[in-house]
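Atoms within each ligand, like the ligands themselves, are counted from 1 in listed order.
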Amino acid sequence: MSGAGKTVCVTGASGYIASWLVKFLLQRGYTVKASVRDPNNPKKRDHLLKLDGAKERLHLFKAELLEDGSFDAAIDGCEGVFHTASPFYHAVTDPQKFFCIDGQALLSWFQAELIDPAVKGTLNVLGSCAKTSSVKRVVLTSSIAAVAYNGKPRTPEVVVDESWFSDPDFCKEAKMWYVVSKTLAEDAAWKFAKEKGFDMVTINPAMVIGPLLQPVLNTSAEAIANLLKGSQTYANASFGWVNVKDVAYAHIQAFEIPSATGRYCLVERVAHYSQVVEILRKLYPSSQLPDKCADDKPFVPIYQVSKEKAKSLGIDYIPIEQSIQETVESLKEKNFIGATSSNM
Ligand SMILES: NC(=O)c1ccc[n+]([C@@H]2O[C@H](COP(=O)([O-])OP(=O)(O)OC[C@H]3O[C@@H](n4cnc5c(N)ncnc54)[C@H](OP(=O)(O)O)[C@@H]3O)[C@@H](O)[C@H]2O)c1
């Protein structure tokens with residue numbers, strides 16, 4: 001019970017990664033002050049309240065990233081702050097709404113919906129941390145998005161590590177707005193932490209999969225769900241993949257290990273979507289899976305991500321095959337994929 005008697009804050013606690021983080025923190029005996037946007041929404045609250053230890057040691061706070069000082073109450077008196085809250089999606093959520101708007105309007109939308117909450121929101125949370133002397137360390141949930149996208153070639157021989165930084169101009173040019181949001185947010189956070197002289201560690205996971213605790217479908221688990229919904233094609237893309245339980249555990253280790261420092265990339269394996277489909281086919285031979293790539297171009301190559309630093313946090317990765325299986329079983333249990341579409 002390494003957390004007994006200690007109080008920590010988790011921002012965006014309803015989310016996919018944060019829900020596992022809250023679960024593990026409660027298991028370790030921590031008292032958790034959890035920020036959620038809408039504490040009155042059962043879908044954002046009930047799965048947290050049901051966790052072991054929640055009755056005694058979980059406290060919900062309402063907080064919104066773009067409201068100044070919104071996180072003060074949740075962070076006040078905490079030894080550690082895990083800042084996970086940030087919007088995560090790649091596409092416009094309501095394409096109908098954008099049918100008639102021009103590129104500039106779309107850009108403004110991404111600025112307001114993705115980039116501002118990520119960057120200004122992170123500075124807002126860090127501002128609350130700076131106000132209270134109780135905070136000893138901040139663990140920021142960044143992303144491999146802030147590491148690997150800078151125009152340098154990524155091929156099977158290339159090893160990406162924590163010394164890589166994404167280039168926001170390159171990402172803007174490529175219209176990778178989520179990547180831009182995470183890159184600018186991490187950069188702003190490091191500048192702020194340096195200026196204020198506080199201890200911050202970042203966790204930089206790739207695509208996170210594995211079981212869902214929350215009742216709503218999150219973006220990264222949806223990537224697997226989409227392959228099982230009768231789609232004819234898979235994307236021509238290669239991503240790193242990592243299990244949500246390893247990601248949550250890494251956050252806690254990064255807080256508890258005094259020597260933890262800097263950034264930690266978390267990737268069990270980089271795989272092209274065609275390889276993910278192959279793993280699904282082996283696990284669920286009778287399921288309907290896409291059998292061709294969405295374009296005729298050569299497959300986007302895989303690359304490597306160094307595991308050295310993650311090892312120092314004690315991470316012994318769950319293999320991708322198990323992570324995919326756990327995702328599918330969870331998606332089935334929560335009815336995000338039906339027995340008829342997947343024929344499983
Ligand atoms: N999943 C991945 O593959 C992955 C990989 C690398 C990094 N990450 C990072 O991990 C973190 C958590 O992601 P996730 O996958 O767990 O996504 P998620 O399930 O969508 O969780 C995101 C959380 O952020 C909260 N949030 C979003 N906008 C907010 C706002 N304006 N004010 C307050 N809270 C807000 C959401 O609140 P509501 O529940 O109210 O919407 C939600 O709790 C993010 O920082 C993401 O960038 C994720």
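- Backbone and side-chain nitrogen or oxygen atoms of F71 are examined, and none is located within less than 3.5 angstrom of a nitrogen or oxygen of ligand 1.
- Taking each of I17, V216, T11 in turn, the one with a heavy atom nearest to atom 16 (O) of ligand 1 proves to be I17.
- With atom 22 (C) of ligand 1 as the reference point, the heavy atom nearest to it among A18, S86, P87, A34 is part of S86.
- Salt-bridge annotation for D46 and K50: absent, with no side-chain N of the basic residue lying under 4.0 Å from a carboxylate O of the acidic one.
- Residue contact annotation: Y178 has a non-hydrogen atom under 4.0 Å from ligand 1.
- When side chains are defined from C-beta on, L212 counts as touching F336, because their heavy atoms get closer than 4.5 Å.
- Side chains of D291 and Q232: a donor-acceptor N/O pair is absent below 3.5 angstrom, by distance only.
- Nearest-heavy-atom check against atom 5 (C) of ligand 1 across G240, A206, A221 picks out A206.
- Side-chain contact check for L26 versus T31: every heavy-atom pair is 4.5 Å or farther apart.
- Below 4.0 Å from some heavy atom of V208 lie the following atoms of ligand 1, by number and element: 1 (N), 2 (C), 3 (O), 4 (C), 5 (C).
- Using 4.0 Å as the threshold, A118 has no heavy atom nearer than that to any atom of ligand 1.
- Backbone and side-chain nitrogen or oxygen atoms of N218 are examined, and none is located within less than 3.5 angstrom of a nitrogen or oxygen of ligand 1.
- Contact annotation for S35 and ligand 1: no heavy atom of the residue comes within less than 4.0 Å of the ligand.
- Among all non-hydrogen protein atoms, the one lying nearest atom 6 (C) of ligand 1 is P205 O, 3.2 Å.
- At a 4.0 Å heavy-atom cut-off, ligand 1 touches S142 through the backbone alone.
- For L66, the closest heavy-atom approach to ligand 1 does not fall below 4.0 Å.
- In this structure, atom 34 (N) of ligand 1 lies nearest to the protein heavy atom R37 CG, 3.7 Å.
- At a cut-off of 3.5 Å, with distance as the only test, no side-chain donor of S143 or N204 sits close to an acceptor on the other residue.
- Protein heavy atom in closest approach to atom 23 (C) of ligand 1: G12 O, 4.0 Å.
- Each of the atoms 38 (P), 39 (O), 41 (O) of ligand 1 lies under 4.0 Å from some heavy atom of K44.
- No cation-pi contact links R269 to F239, judged by a cut-off of 6.0 Å to the six-membered ring centre and 45° from its axis.
- Ring pair H251/F82 is tilted by interplanar angle, where 30° to 60° counts as tilted.
- The cationic atom of R263 (NZ for Lys, CZ for Arg) lies less than 6.0 Å from the six-membered ring centre of F165 and within 45° of the ring axis.
- Inclusion of M207 in the set of residues having an N or O under 3.5 Å from an N or O of ligand 1 is not warranted.
- The atoms of ligand 1 that sit less than 4.0 Å from any heavy atom of S220 are 1 (N), 2 (C), 3 (O).
- Residue Q214 does not touch ligand 1, judged by heavy-atom distances below 4.0 Å.
- Close approach of ligand 1 to L65 (heavy-atom distance below 4.0 Å) involves ligand atoms 29 (C), 30 (C), 31 (N), 32 (N), 33 (C), 35 (C).
- Annotation for ligand 1: atoms under 4.0 Å from non-hydrogen atoms of A63 are 33 (C).
- Under 4.0 angstrom from ligand 1, the non-hydrogen atoms of F88 all belong to its side chain.
- Between the side chains of S323 and N243, at least one donor-acceptor pair of N or O atoms lies under 3.5 Å.
- Heavy-atom distances between T84 and ligand 1 reach below 4.0 Å in at least one pair.
- Checked against a 3.5 angstrom limit, the closest N/O atoms of E64 and ligand 1 fall inside it.
- Using a 3.5 Å distance cut-off with no hydrogens or angles, the side chains of D116 and Q111 do pair a donor with an acceptor.
- Ion pair R28/E256 flagged as a salt bridge, since at least one NZ, NE, NH1 or NH2 atom sits closer than 4.0 Å to an Asp/Glu carboxylate oxygen.
- With respect to the salt-bridge test (charged N to carboxylate O, under 4.0 angstrom), the residues K136 and D199 do not qualify.
- Heavy-atom minimum distance, Y317 versus C265: OH-O, 3.6 Å.
- Within the 4.0 Å cut-off (strictly below), no protein heavy atom is located near atom 20 (O) of ligand 1.
- For the residue pair A260 and R137, the shortest heavy atom distance occurs at O-NH2, 3.2 Å.
- Between F88 and N218, every side-chain heavy-atom pair lies at or beyond the 4.5 Å cut-off.
- Considering only non-hydrogen protein atoms, atom 10 (O) of ligand 1 sits nearest to T141 CG2, 3.2 Å.
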